[in-house]
There are 2 protein chains.
Amino acid sequence: MTETLKQGSATAASRIYETLRQDLLNGRYRAGERLSITLLRETYEVGLSPLREALNRLAAYGLLRQENQRGFRVLELTREELADITEMRRQLEGMALELAIRHGDEEWESQLLAANHRLARAGEHTPVVEWEGLHSRFHSALVEPCGSAWLLRFISQLHDQFDRYRRVAPRAQELRHQLDSQHQELVDLALARNARQARALIEEHITLSSEVAKCSCR
Amino acid sequence: MTETLKQGSATAASRIYETLRQDLLNGRYRAGERLSITLLRETYEVGLSPLREALNRLAAYGLLRQENQRGFRVLELTREELADITEMRRQLEGMALELAIRHGDEEWESQLLAANHRLARAGEHTPVVEWEGLHSRFHSALVEPCGSAWLLRFISQLHDQFDRYRRVAPRAQELRHQLDSQHQELVDLALARNARQARALIEEHITLSSEVAKCSCR
DNA sequence: TTTCTGGAAATAATCGATTATTTGACTCAG
DNA sequence: CTGAGTCAAATAATCGATTATTTCCAGAAA
């Protein structure tokens with residue numbers, strides 16, 4: 001009776017999908033590496049069918065490349081693709097932020113302040129994985145009320161792509177601090193409903209993050 | 001020996017994925033309908049594993065909705081989502097067309113002229129499925145050299161979404177003709193490298209298509 | 001009548017075994 | 001040596017059967 005506390009009850013395929021996604025974002029597997037299905041089976045102690053279903057989803061999502069009869073590979077990390085992802089993030093998140101500032105209500109303002117506070121409180125001794133979660137949620141909260149489900153979907157997808165680069169890059173303290181202070185400025189501009197400047201700042205923020213991430217390319 | 005004439009040799013999962021994708025775009029299944037796996041198996045005469053893999057891909061791509069333990073459903077057709085898709089197409093294809101006009105070379109001009117010619121030649125008695133192919137290829141050709149793989153990916157995805165609405169809508173001859181003539185104008189503006197006007201026209205073109213598609217919503 | 005409850009039928013998810021394809025080492029002719 | 005051809009091992013893809021979950025309906029209780 002206490003078994004299905006988890007809402008909905010996730011399938012094995014969904015669980016392994018989420019685990020694999022996180023592991024891919026965290027750079028557990030080398031760029032370009034071929035993922036051996038047999039090996040993955042043993043590593044995650046999961047059956048063949050749910051594993052293959054998860055891999056198929058990840059490939060459709062763009063975190064893996066599927067070659068017929070030759071299994072699945074981790075995507076490469078290239079300067080060209082990082083530039084593409086960065087520019088797309090600039091455009092789409094800039095657009096979304098402007099819309100969010102136009103449509104966001106008081107509830108949004110509260111959520112945004114809360115997300116920023118939690119992120120700012122997380123200091124040196126916070127586990128990286130936890131910080132990453134707070135960071136993701138902050139950026140989600142920022143654009144959340146833009147009014148377009150597809151825009152949010154694309155932004156999340158690009159965030160995942162971007163994180164593959166960012167998370168394996170060495171942590172540059174100097175830039176790290178600058179990026180952190182930009183989070184605060186973004187909140188201020190958002191609450192002031194200054195769409196123009198907010199858009200300019202988030203574009204700068206993304207470009208700066210991209211500089212940090214660049215060294216992870218081959 | 002003459003077996004594998006097909007390039008690369010597609011897997012069963014890839015084949016059924018493509019077939020199902022087309023059938024979904026063509027409205028073979030009702031909006032919101034629950035897809036019975038057992039029934040699909042019989043319909044397409046395919047094994048369970050490749051079928052499930054294809055369904056997982058389609059769900060990740062956004063053409064199906066997956067509910068844990070409750071299988072797969074066709075997405076609904078709603079005015080709100082059509083509006084969202086339309087606005088996203090306007091923004092992204094507008095952006096891509098400007099970039100394509102800036103970067104496209106002579107080869108692009110040729111391809112574009114060819115695609116437009118083939119589309120224009122297709123008349124009343126051309127099979128619908130063939131016309132749809134030419135139409136897709138025309139719009140692809142238009143934005144192809146924009147320089148961003150992710151932008152092209154999102155545009156294709158939105159095209160598929162949009163087609164679910166457009167293809168099940170009744171064929172309005174009046175608007176149909178107007179849309180056709182816009183294809184020619186788009187080519188003219190592209191070849192003249194008139195980015196501003198071309199962008200304006202493609203946005204108008206998308207809005208007009210959306211008007212045609214609106215009556216397919218519940 | 002309406003609302004539970006139990007359980008059978010339907011169906012989604014998973015497993016174990018089998019088949020098909022690729023990979024890589026080895027052979028041998030040139 | 002070199003390169004084409006061959007075969008065995010590795011592994012990806014698929015199948016058939018089993019397990020787990022949901023759905024639906026009959027019957028009991030309120």
Side-chain angles (χ1 to χ4, degrees), chain A residues 1-21 23-24 28-30 32-75, chain B residues 1-21 23-24 28-30 32-75:
Chain A
M1 200 181 274
T2 47
E3 274 301 276
T4 30
L5 278 177
K6 269 285 189 195
Q7 40 65 285
S9 70
T11 61
S14 299
R15 271 181 277 120
I16 185 64
Y17 170 83
E18 202 46 49
T19 308
L20 262 172
R21 178 173 152 270
D23 285 351
L24 286 166
R28 170 161 180 180
Y29 300 98
R30 286 195 320 282
E33 176 178 353
R34 168 103 163 270
L35 294 181
S36 157
I37 293 188
T38 324
L39 197 57
L40 289 176
R41 255 187 69 146
E42 292 164 10
T43 310
Y44 296 99
E45 289 173 297
V46 70
L48 190 58
S49 312
L51 175 59
R52 286 192 58 88
E53 290 186 15
L55 292 171
N56 272 277
R57 289 189 214 179
L58 287 163
Y61 184 63
L63 281 174
L64 291 178
R65 198 154 52 89
Q66 183 167 26
E67 295 165 293
N68 281 341
Q69 321 284 21
R70 247 171 280 183
F72 298 83
R73 306 192 82 92
V74 179
L75 291 190
Chain B
M1 201 180 273
T2 47
E3 274 300 275
T4 33
L5 277 177
K6 271 283 187 195
Q7 38 64 284
S9 69
T11 62
S14 298
R15 270 181 279 120
I16 185 64
Y17 169 84
E18 200 47 47
T19 308
L20 263 171
R21 176 172 153 271
D23 285 351
L24 286 166
R28 170 161 179 180
Y29 299 99
R30 286 194 321 282
E33 177 178 353
R34 168 105 164 270
L35 294 180
S36 156
I37 293 189
T38 324
L39 196 57
L40 290 176
R41 254 188 70 145
E42 292 165 9
T43 309
Y44 296 99
E45 290 173 295
V46 71
L48 190 58
S49 313
L51 175 58
R52 286 192 58 89
E53 291 186 14
L55 291 171
N56 272 276
R57 289 190 214 179
L58 287 164
Y61 184 63
L63 281 174
L64 291 178
R65 197 154 51 89
Q66 184 166 25
E67 294 164 294
N68 281 341
Q69 321 284 22
R70 248 172 279 185
F72 299 83
R73 305 191 83 90
V74 179
L75 291 190

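Keep in mind the model is a prediction, meaning the values are calculated, not measured. Computed from heavy atoms alone, side chains included, the values below leave out hydrogens, waters and symmetry copies. Residue numbers start from 1 in every chain, and the chains themselves are labelled A, B, ... in the order their sequence lines are given, proteins ahead of strands.
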Enumerate all atom pairs, one protein N or O and one N or O from nucleotides 10-13 of chain D, separated by less than 3.5 Å.
{"unit_1": "D:dA12", "atom_1": "OP2", "unit_2": "A:Ile37", "atom_2": "N", "d": "3.1"}
{"unit_1": "D:dA12", "atom_1": "O3'", "unit_2": "A:Gly71", "atom_2": "N", "d": "3.4"}
{"unit_1": "D:dA13", "atom_1": "OP1", "unit_2": "A:Gln69", "atom_2": "N", "d": "3.2"}
{"unit_1": "D:dA13", "atom_1": "OP2", "unit_2": "A:Arg52", "atom_2": "NH1", "d": "2.5"}
{"unit_1": "D:dA13", "atom_1": "OP2", "unit_2": "A:Arg52", "atom_2": "NH2", "d": "2.8"}

- prompt: What heavy-atom pair brings B:Leu64 and B:Leu75 nearest, and what distance separates the two atoms?
  reply: C-CD2, 4.1 Å
message: Ignoring hydrogens, what is the shortest heavy-atom contact between A:Tyr29 and A:Leu40? Give both atom names and the distance.
response: OH-CD2, 3.6 Å
query: Which value, rounded to the nearest 0.5 Å, describes the distance between A:Glu53 atom CD and A:Ile16 atom CD1?
result: 12.0 Å
message: My understanding is that only residues two or more places apart in sequence, or in another chain, count here; which of them pass side-chain hydrogen bond (donor to acceptor under 3.5 Å, both in side chains) with B:Glu33?
response: none
Spacing between A:Glu42 atom CD and C:dC15 atom P, to the nearest angstrom: 15 Å
message: Holding to salt bridge (charged side-chain N to carboxylate O under 4.0 Å, His left out), I want the full list of residues that pass it with B:Arg57, two or more places apart in sequence or in another chain.
response: none
